[in-house]
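Please read all numbers here as calculations on a predicted model, not as lab measurements.
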Amino acid sequence: MINNALKKIRLFHNLKQNELSRELNISNSYLSEIENGKKSPSIELLQSYSNYFDLPVSSLLYFSEQLENEGKISKTFRIKSASFILKILDWSTEDEQKKTKDKS
């Protein structure tokens with residue numbers, strides 16, 4: 001589900017819920033409800049995640065789909081998919097660091 005993907009991306013970037021909710025300009029309780037699957041994220045929120053983490057919305061949805069199918073697909077495919085997603089996240093982090101460095 002998308003809620004798990006959004007939470008895993010936040011945790012990958014070592015962000016606390018209150019830090020990310022502040023960055024996304026949403027309440028901490030709303031973010032908590034999203035991550036716990038009590039509410040579905042809006043398209044606008046997915047776009048905010050996309051902008052903040054510099055990932056296409058399609059990658060967020062793909063990652064979510066892979067997590068949802070975790071028990072239904074082969075271990076080899078899951079490993080390759082996870083590796084691909086982590087490369088995207090690494091690229092995003094490196095790109096953001098480069099942008100920050102270039103501004104200095």
| field | Hphob cluster co-occupancy, L6 + V57, side-chain heavy atoms under 4.5 angstrom | value | yes
| task | To the nearest 0.5 angstrom, please state how far the NZ atom of K38 sits from the OG atom of S32. | result | 6.5 Å
| request: Of all the heavy-atom pairs spanning L60 and L46, show the shortest one and how long it is. | output: CD1-O, 3.6 Å
| Does any non-hydrogen side-chain atom of S40 lie less than 4.5 Å from one of I2? | no
| For the side chain of S48 and the backbone of L24, is there at least one donor-acceptor N/O pair under 3.5 Å apart? | no
| OG on S50 to CD1 on I43, rounded to 0.5 Å | 11.0 Å
| task | Mind checking side-chain contact (heavy atoms from CB on, under 4.5 Å) for N28 and listing every partner two or more places apart, or none if nothing turns up? | result | Q17, N18, S21
| task | Side-chain contact test, heavy atoms from C-beta onward, threshold under 4.5 Å: evaluate it for Y30 versus L45 and give yes or no. | result | yes
| E33: salt bridge (charged side-chain N to carboxylate O under 4.0 Å, His left out) partners, not counting sequence neighbours | K39
| query | What closest approach, in Å, do N3 and E35 show between heavy atoms, and which atom pair accounts for it? | reply | ND2-O, 3.2 Å
| field | Test side-chain contact (heavy atoms from CB on, under 4.5 Å) applied to L15 - qualifying residues, sequence neighbours left out | value | R10, H13, E19, L20, Y52, F53
